[in-house]
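Below is one structure, written out as structure tokens, with a few remarks after it.
Only heavy atoms go into these numbers, but all of them, side chains included; no hydrogens, no water, no symmetry mates. Keep in mind the model is a prediction, meaning the values are calculated, not measured.
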Amino acid sequence: SVLGRAYFNLKKTAEAQHEMEESVLLDPKDGPSHYALARLYTSIGKPELAEQQFKAAQVQFDAEAAKGNTMGMGREMELTPE
């Protein structure tokens, strides 16, 4: 969340953690939210939680990339002359 990142930048980690955790709960498919939460966990010395969030972010980024690649392949197939 934008608010969570703002708190993080202001070094208000408790507020940032609350906002970022809420953001991940509300939209678990948002890779950037998982990544931001992972960075926060790293900065406050919670490496196990950070690793979980980095993995969750990667899953979402990979899913988005796969979706984009599939769509791209479909467009290429449509444009290929027969």
Table please: side-chain donor-acceptor pairs of residues 4-13 below 3.5 Å, with sequence neighbours left out.
residue	atom	partner	partner atom	Å
Asn9	ND2	Arg5	O	3.3

Notebook entry, point to check: What residues form a side-chain contact (heavy atoms from CB on, under 4.5 Å) with Gln58, not counting sequence neighbours?
Noted result: Phe61, Asp62
Margin query: Hydrophobic clusters here meaning ILVMFWY residues chained together by side-chain heavy-atom distances under 4.5 Å, can you tell me if Leu49 and Val24 are in one?
Written below: yes
Using a 3.5 Å cut-off and no angle test, enumerate the donor-acceptor pairs between side-chain atoms of residues 29-41 and protein atoms at least two apart in sequence or in another chain.
residue	atom	partner	partner atom	Å
Asp30	OD2	Ser33	N	3.4
Asp30	OD2	Ser33	OG	2.3
Ser33	OG	Ser23	OG	3.1
His34	ND1	Gln53	OE1	2.6
His34	NE2	Pro28	O	2.8
Tyr41	OH	Glu21	OE2	2.5

Note to self: Once rounded to the nearest 0.5 Å, what's the spacing between atom CD of Glu48 and atom CD of Gln52?
What the structure shows: 8.5 Å
